[in-house]
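Being a predicted model, the structure only gives us computed values, none of them experimental. Convention: sequence-line order gives letters A, B, ...; per-chain numbering from 1.
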There are 2 protein chains.
Amino acid sequence: MDVATAPDIHPPMEFDEAGAETRDRIVTAEEATQLAELFRLLGDPTRAQLLYALLEAGELCVYDLTETVEVSDTAVSHALRLLRTAGIVASRRAGRMIYYRLADVHVRMLLDLSREHLRHG
Amino acid sequence: MDVATAPDIHPPMEFDEAGAETRDRIVTAEEATQLAELFRLLGDPTRAQLLYALLEAGELCVYDLTETVEVSDTAVSHALRLLRTAGIVASRRAGRMIYYRLADVHVRMLLDLSREHLRHG
DNA sequence: TTATCATTTGAGCATCTGTTCAGGAGTTCG
DNA sequence: CGAACTCCTGAACAGATGCTCAAATGATAA
């Protein structure tokens with residue numbers, strides 16, 4: 001089998017001392033909504049292409065990114081703003097160009113793992 | 001139609017010994033679209049709550065799942081159908097009840113990693 | 001059989017989303 | 001200065017999305 005042993009839990013909504021590890025696994029409705037927001041941002045073809053281009057290249061300016069997708073530069077800019085506001089990508093200015101990169105290692109792992117799911121799942 | 005405009009990004013197409021790993025990292029536009037479809041399905045508060053409930057409990061019937069969210073049982077059923085069709089969850093019938101579970105270990109890892117991103121990212 | 005339970009399906013609809021268009025802001029250089 | 005370049009913002013609109021309602025299916029029990 002695999003890593004995750006099936007935890008058949010039908011727990012009451014109480015927290016005893018022994019439930020530390022279990023409690024860490026519980027995701028509240030609010031957390032789930034925040035997680036959905038993260039997934040929603042990854043869940044668009046344009047944005048996904050931009051993110052995987054960044055995963056591959058490390059850092060790209062907007063012009064480079066517009067060449068990876070088939071929408072206008074304006075659409076790319078809108079997409080990048082959403083990703084930047086959500087903390088999924090980060091940017092730095094260099095002259096008139098602005099370079100984008102994936103914000104943190106979690107995002108990189110997420111994209112990487114998802115690609116594995118697609119290819120070997 | 002044939003929208004396969006090339007992934008002709010910066011690096012030249014040289015594949016030496018170490019190039020195999022590099023090649024595996026390249027995600028085509030079509031793959032990115034498939035990945036976006038996966039993320040899109042996770043990117044809804046109702047569906048995310050259902051999935052994290054399944055991650056926690058292992059297996060739940062529809063009635064149990066309706067109690068984890070604040071929408072009608074009909075909405076839950078619609079949500080589950082999307083997830084089932086996409087291969088994100090699997091189901092088995094037991095009497096008149098139908099039990100749902102996460103389809104594979106990749107999905108579990110994806111949900112787990114995302115939760116870590118939210119809490120420690 | 002009929003009744004009831006558990007879940008699904010289809011339709012209708014208000015809301016949300018991603019796009020393009022038009023214009024604006026910031027930067028470099030002649 | 002002004003022109004060229006890179007990127008961003010706001011508005012408007014077609015299309016997608018997720019919800020509820022009404023009805024239907026499949027399974028158990030009386």
Side-chain angles (χ1 to χ4, degrees), chain A residues 10 29 32-54 57 59-101, chain B residues 3 5 9-10 29 32-54 57 59-86 88-101:
Chain A
H10 282 256
T33 299
Q34 291 179 272
L35 288 160
E37 177 65 14
L38 168 65
F39 288 128
R40 189 183 67 81
L41 288 163
L42 308 185
D44 168 75
T46 296
R47 292 194 293 269
Q49 284 183 65
L50 297 176
L51 291 170
Y52 278 97
L54 291 176
E59 202 177 43
L60 291 171
C61 70
V62 177
Y63 179 78
D64 290 336
L65 287 168
T66 59
E67 297 210 317
T68 70
V69 292
E70 291 195 334
V71 295
S72 65
D73 58 335
T74 300
V76 171
S77 190
H78 280 300
L80 289 172
R81 186 165 64 83
L82 288 176
L83 295 172
R84 179 162 30 84
T85 301
I88 295 173
V89 302
S91 63
R92 72 178 171 89
R93 168 152 244 153
R96 16 188 187 196
M97 289 187 283
I98 297 180
Y99 285 93
Y100 281 84
R101 63 185 180 279
Chain B
V3 195
T5 53
I9 319 175
H10 288 151
T33 299
Q34 291 180 272
L35 288 160
E37 177 66 12
L38 168 65
F39 288 129
R40 188 182 68 80
L41 287 163
L42 308 185
D44 169 74
T46 296
R47 292 194 294 268
Q49 283 182 65
L50 297 176
L51 291 170
Y52 278 98
L54 291 176
E59 201 177 45
L60 291 172
C61 70
V62 177
Y63 179 78
D64 290 336
L65 287 168
T66 59
E67 295 209 317
T68 71
V69 292
E70 291 195 337
V71 294
S72 66
D73 57 338
T74 299
V76 171
S77 189
H78 280 300
L80 288 172
R81 187 165 64 84
L82 288 176
L83 296 172
R84 178 162 30 83
T85 300
I88 296 173
V89 302
S91 63
R92 74 179 170 89
R93 166 153 245 151
R96 19 188 185 196
M97 290 187 282
I98 297 181
Y99 285 92
Y100 281 83
R101 62 186 182 279

Asks: Specify the separation, in whole Å, of atom CG of L50(A) and atom P of dC7(D).
Replies: 13 Å

Asks: Output the rounded distance in Å from CG (L83(B)) to P (dT8(C)).
Replies: 12 Å

Asks: Please work out which residues in residues 86-93 of chain A have a non-hydrogen atom less than 4.0 Å from an atom of DNA chain C and list them by number.
Replies: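 When residues 86-93 of chain A is checked for heavy atoms under 4.0 Å from DNA chain C, the hits, listed by number, are R93(A).
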
Asks: Would you kindly say whether R84(A) and Y100(A) are connected by a side-chain donor-acceptor distance under 3.5 Å?
Replies: yes

Asks: Report the distance from atom CG of L65(A) to atom C1' of dC7(D), rounded to the nearest whole Å.
Replies: 12 Å

Asks: Toward the 5' end of DNA chain D, which comes first, I98(A) or H78(A), by nearest nucleotide?
Replies: I98(A)

Asks: Of the options V62(B), L60(B), T68(B), which is the one that meets D64(B) in a side chain to side chain contact (heavy atoms under 4.5 Å, CB included)?
Replies: L60(B)

Asks: Mind calculating the distance between CD (Q49(B)) and C1' (dC19(D)) to the nearest angstrom?
Replies: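 The distance from CD of Q49(B) to C1' of dC19(D) comes to 15 Å, rounded to the nearest Å.
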
Asks: Please round to the nearest 0.5 Å and tell me the distance separating atom CG of L83(A) and atom CG of D44(A).
Replies: 9.0 Å

Asks: Once you round it to whole Å, what is the distance between C1' of dT28(C) and OH of Y63(A)?
Replies: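 From Y63(A) OH to dT28(C) C1': 18 Å.
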
Asks: Between Y99(A) and R93(A), is there a side-chain donor-acceptor contact under 3.5 Å, judged purely by atom types and distance?
Replies: no

Asks: Counting only side-chain heavy atoms from C-beta out, which of dT19(C), dT6(D), dG18(C) sits nearest to M97(A)?
Replies: dT6(D)

Asks: Nearest to the R96(A) side chain among dT6(D), dT20(C), dG18(C), which nucleotide is it?
Replies: dT6(D)

Asks: For the pair T85(A) (side chain) and L82(A) (backbone), establish whether a donor and an acceptor sit closer than 3.5 Å, ignoring hydrogens and angles.
Replies: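 Not at all, since once roles are kept as given, no pair shorter than 3.5 Å links the two residues.
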
Asks: Could you say whether E37(A) or Y99(B) is positioned toward the 5' end of DNA chain C, judged by the nucleotide with the nearest heavy atom to each?
Replies: Y99(B)

Asks: Give, for atom OG of S91(A) and atom CZ of R81(A), the distance between the pair rounded to the nearest 0.5 Å.
Replies: 13.0 Å

Asks: Answer yes or no: does atom CD of E67(B) have more than 12 heavy-atom neighbours from other residues, nucleotides or ligands under 6.0 Å?
Replies: yes

Asks: So, the side chain of R47(B) versus the backbone of L42(B): is there a donor-acceptor pair under 3.5 Å, distance only?
Replies: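 No.
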
Asks: Could you tell me whether D73(B) contacts a base, only the sugar-phosphate backbone, or nothing, with contacts defined as non-hydrogen atoms closer than 4.0 Å?
Replies: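 Base contact.
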
Asks: Kindly point out which of dT20(D), dC7(D), dT8(C) is positioned nearest to the side chain of L80(B)?
Replies: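 Closest nucleotide among those given: dT8(C).
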
Asks: How many whole angstroms separate atom CD of E70(B) from atom C1' of dC19(D)?
Replies: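 After rounding, the gap between these two atoms is 14 Å.
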
Asks: Taking for each residue the nucleotide of DNA chain C bearing the nearest heavy atom, is the 5' side occupied by A94(A) or by V71(A)?
Replies: V71(A)

Asks: What nucleotide among dT9(D), dT8(C), dT19(C) has an atom nearest to a side-chain atom of D44(A)?
Replies: dT19(C)

Asks: Scan Y100(A) against the nucleic acid and name what it touches under 4.0 Å (heavy atoms): base, sugar-phosphate only, or nothing.
Replies: sugar-phosphate

Asks: If you check every side-chain atom of R47(A), which of dT27(C), dG18(C), dT28(D) has the closest atom?
Replies: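 Taking heavy atoms from C-beta onward, the closest nucleotide is dG18(C).
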
Asks: Without decimals, in angstroms, what is the distance between R81(B) CZ and dG18(D) P?
Replies: 12 Å

Asks: Is the phosphate of dT8(C), meaning OP1 or OP2, less than 4.0 Å from a side-chain N or O of T74(B)?
Replies: no

Asks: Quickly work out the L82(B) CG to dT17(D) P distance and round it to whole Å.
Replies: 9 Å

